[in-house]
**Student:** 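Please find one structure pasted underneath; my questions will follow.
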Amino acid sequence: FKITVFYYNPNIYPESEYIKRVNEEKRFISEFNTKYKVDFINGPYESNKFFEMAKGLEKVKEGGERCFRCYELRLRKTAEMAEKGKYDYFTTTLSISPYKNAQKLNEIGEKLSSEYGIRYLYSDFKKKNGYKRSIELSKMYNLYRQNYCGCIYSQAERNEKLKDSINV
């Protein structure tokens, strides 16, 4: 495969966190590119699109309907880029997380595949200790790992859990 990373995360909050993640991705790719050529496209930071999509779902726990709509928002933009760039496939790395529903991601990917006429590469990267391996690789490559999904709602949920654990 010739790989292009399309970084589209309008859900990330605050914008400084978004920039930090973009820079980390670019750093890793530049180091990794010594062996394999990986292209990088930084999508627009459209937080307004995420907030429009999340309206009415602000109180939904992480892993619920808000997340599913966020998956679709992000995968749809990826499918659009894949169609425009005449790519053979599109996929997502989100399935590496134990907090992300790979079945739902793949369901959305398949639906978008039909809409855009671009094949979707099914994934569940957490299988076969994929998540554990991602932690090992993060340490090996000294990668920044955030402690929340990225959106303001998951950040608030994470902060509340931390506060509760301190108060126990």
Side-chain angles (χ1 to χ4, degrees), residues 3-32 38-82 84-85 90-109 111-112 120 123-126 130-132 134-135 137-139 141-168:
I3 297 171
T4 299
V5 172
F6 174 56
Y7 191 87
Y8 181 70
N9 291 288
N11 58 307
I12 304 295
Y13 178 86
E15 188 172 2
S16 59
E17 176 71 14
Y18 175 86
I19 292 166
K20 188 175 193 175
R21 293 182 191 195
V22 166
N23 289 337
E24 186 67 359
E25 185 78 28
K26 287 178 179 179
R27 180 189 68 81
F28 175 71
I29 289 171
S30 72
E31 291 174 11
F32 191 76
V38 176
D39 293 322
F40 180 82
I41 298 172
N42 187 10
Y45 181 61
E46 302 173 316
S47 60
N48 59 318
K49 291 195 183 215
F50 171 75
F51 286 114
E52 287 170 22
M53 178 277 318
K55 198 169 279 183
L57 301 169
E58 297 87 351
K59 301 289 185 204
V60 174
K61 294 250 183 242
E62 187 172 349
E65 185 62 28
R66 184 185 64 243
C67 293
F68 298 161
R69 289 187 189 180
C70 184
Y71 299 169
E72 183 163 352
L73 173 71
R74 295 159 69 186
L75 278 168
R76 180 172 296 284
K77 189 73 158 187
T78 305
E80 289 170 2
M81 285 297 294
K84 184 178 173 185
F90 72 102
T91 194
T92 178
T93 59
L94 285 173
S95 72
I96 194 75
S97 171
Y99 302 103
K100 302 295 182 264
N101 184 324
Q103 181 179 342
K104 191 68 172 175
L105 284 162
N106 289 326
E107 179 184 303
I108 293 166
K111 178 183 102 169
L112 295 171
Y120 176 75
S123 65
D124 189 348
F125 294 119
K126 68 182 138 290
Y131 180 70
K132 180 182 174 201
S134 76
I135 302 234
L137 290 169
S138 292
K139 288 178 183 171
Y141 289 102
N142 195 30
L143 294 175
Y144 163 70
R145 289 183 72 98
Q146 65 284 354
N147 64 2
Y148 67 103
C149 167
C151 77
I152 191 169
Y153 311 113
S154 69
Q155 182 186 45
E157 191 175 321
R158 172 73 175 161
N159 290 344
E160 193 63 35
K161 284 179 184 174
L162 290 173
K163 188 174 89 175
D164 289 347
S165 68
I166 292 169
N167 292 332
V168 171

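Treat the numbers as computed from the prediction; the structure is a model and nothing was measured. Just so it is clear, the values below take in all heavy atoms, side chains as well, and ignore hydrogens, waters and symmetry mates.
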**Student:** Report the residues that fulfil side-chain contact (heavy atoms from CB on, under 4.5 Å) with Ser138, sequence neighbours left out, ordered by chain and then residue number.
**Tutor:**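 Partners of Ser138 by the side-chain contact (heavy atoms from CB on, under 4.5 Å) criterion, ordered by chain and then number, come out as Leu143, Arg145.
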**Student:** Tell me every residue that passes side-chain hydrogen bond (donor to acceptor under 3.5 Å, both in side chains) with Ser123, counting only those two or more places apart in sequence or in another chain.
**Tutor:**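 Here the qualifying residues are Ser95.
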**Student:** With Ile41, which residues qualify under side-chain contact (heavy atoms from CB on, under 4.5 Å), at least two apart?
**Tutor:**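 If we apply the side-chain contact (heavy atoms from CB on, under 4.5 Å) test to Ile41, skipping adjacent residues, the hits are Thr4, Phe6, Met81, Tyr87.
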**Student:** So, for Thr91 and Thr78, which heavy atoms are closest and what is the spacing to 0.1 Å?
**Tutor:**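 The answer is O-CG2, 4.2 Å.
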**Student:** Side chains of Lys104 and Glu72, heavy atoms from C-beta outward: is any pair under 4.5 Å?
**Tutor:**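 They are not in side-chain contact.
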**Student:** What is the distance from atom CD of Glu24 to atom CD1 of Ile29, rounded to the nearest 0.5 Å?
**Tutor:**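 Between Glu24 CD and Ile29 CD1, I get 10.5 Å after rounding to 0.5 Å.
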**Student:** Suppose we screen for side-chain hydrogen bond (donor to acceptor under 3.5 Å, both in side chains). Which residues come up paired with Tyr144, at least two apart in sequence or across chains?
**Tutor:**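 Counting only residues at least two positions away or on another chain, Tyr144 forms a side-chain hydrogen bond (donor to acceptor under 3.5 Å, both in side chains) with Glu17.
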**Student:** Hey, are the side chains of Glu160 and Lys163 touching, using non-hydrogen atoms and a 4.5 Å cut-off?
**Tutor:**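 Yes, their side chains come closer than 4.5 Å.
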**Student:** Just grab all the salt bridge (charged side-chain N to carboxylate O under 4.0 Å, His left out) pairs involving residues 147-157, residues at least two apart or on different chains.
**Tutor:**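 Residue pairs passing salt bridge (charged side-chain N to carboxylate O under 4.0 Å, His left out), neighbours aside: Glu157-Lys161.
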**Student:** Using the test ring-ring contact (aromatic ring centres under 6.0 Å, His included), find all partners of Tyr141 that sit at least two apart in sequence or belong to another chain.
**Tutor:**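 Tyr141 satisfies ring-ring contact (aromatic ring centres under 6.0 Å, His included) with Phe28 once adjacent residues are dropped.
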**Student:** Return the OH to NZ distance between Tyr131 and Lys100, rounded to the nearest 0.5 Å.
**Tutor:**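 Going from OH on Tyr131 over to NZ on Lys100, the span is 10.5 Å.
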**Student:** Could you tell me which residues satisfy ring-ring contact (aromatic ring centres under 6.0 Å, His included) with Tyr120, sequence neighbours excluded, listed by chain and number?
**Tutor:**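 Per chain and number, Tyr120 pairs via ring-ring contact (aromatic ring centres under 6.0 Å, His included) with Phe90, Tyr122.
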**Student:** Checking Arg158 now: which residues fulfil side-chain contact (heavy atoms from CB on, under 4.5 Å) with it, not counting sequence neighbours?
**Tutor:**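 Once residues adjacent in sequence are excluded, the partners of Arg158 under the side-chain contact (heavy atoms from CB on, under 4.5 Å) criterion are Asn147, Tyr148, Leu162.
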**Student:** If only atom types and distance count, is the side chain of Asn101 paired as donor or acceptor with the main-chain N or O of Gln103 below 3.5 Å?
**Tutor:**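 Looks like yes, one N/O pair under 3.5 Å.
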**Student:** So which heavy atom on Cys70 is nearest to which on Asn11, and how close?
**Tutor:**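 Smallest heavy-atom distance, with atoms named: SG-CB, 3.7 Å.
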**Student:** How long is the span from the CG atom in Asp124 to the CG atom in Asn106, to the nearest 0.5 Å?
**Tutor:**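 Reported to 0.5 Å precision, the distance equals 7.0 Å.
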**Student:** According to side-chain contact (heavy atoms from CB on, under 4.5 Å), who are the partners of Ile19, at least two apart in sequence or on a separate chain?
**Tutor:**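 Testing Ile19 for side-chain contact (heavy atoms from CB on, under 4.5 Å), a comparison that skips the adjacent residues, returns Glu15, Asn23.
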**Student:** In sequence, state the C-alpha distance, the side-chain angles, and the governing distance for Glu25 and Val5, and then conclude on side-chain contact (heavy atoms from CB on, under 4.5 Å).
**Tutor:** CA-CA 9 Å; Glu25 185 78 28; Val5 172; 3.7 Å; yes
**Student:** Got a list of side-chain donor-acceptor pairs under 3.5 Å for residues 51-63, not counting sequence neighbours?
**Tutor:**
from: Glu58; atom 1: OE1; to: Gly56; atom 2: N; distance (Å): 2.9
from: Glu58; atom 1: OE2; to: Gly56; atom 2: N; distance (Å): 3.2

**Student:** For Arg69 and Glu65, what are the C-alpha separation, side-chain angles and deciding distance, and is it a salt bridge (charged side-chain N to carboxylate O under 4.0 Å, His left out)?
**Tutor:** CA-CA 6 Å; Arg69 289 187 189 180; Glu65 185 62 28; 3.3 Å; yes
**Student:** With side-chain contact (heavy atoms from CB on, under 4.5 Å) as the criterion, how do Tyr99 and Cys149 come out once you've worked through the C-alpha distance, each side chain's angles and the decisive distance to 0.1 Å?
**Tutor:** CA-CA 9 Å; Tyr99 302 103; Cys149 167; over 6 Å; no
**Student:** Could you check if a side-chain atom of Lys26 sits within less than 4.5 angstrom of a side-chain atom of Tyr7, using non-hydrogen atoms only?
**Tutor:**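 Answer no - side chains too far apart.
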**Student:** Is there side-chain contact between Lys20 and Gln146, with heavy atoms separated by less than 4.5 Å?
**Tutor:**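 They are not in side-chain contact.
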**Student:** Let me have the donor-acceptor pairs involving side chains of residues 42-49, under 3.5 Å, with sequence neighbours excluded, atom names and distances please.
**Tutor:**
from: Asn42; atom 1: OD1; to: Tyr18; atom 2: OH; distance (Å): 2.9
from: Tyr45; atom 1: OH; to: Ile12; atom 2: O; distance (Å): 2.6
from: Glu46; atom 1: OE1; to: Tyr8; atom 2: OH; distance (Å): 2.5

**Student:** Output all residues satisfying ring-ring contact (aromatic ring centres under 6.0 Å, His included) with Tyr71, sequence neighbours left out; order by chain, then residue number.
**Tutor:**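 Tyr71 satisfies ring-ring contact (aromatic ring centres under 6.0 Å, His included) with Phe68 only.
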**Student:** Is Arg27 salt-bridged to Glu31, cutoff N-O under 4.0 Å?
**Tutor:**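 Looking at Glu31 together with Arg27, the answer is yes, because their closest N to O distance falls below 4.0 Å.
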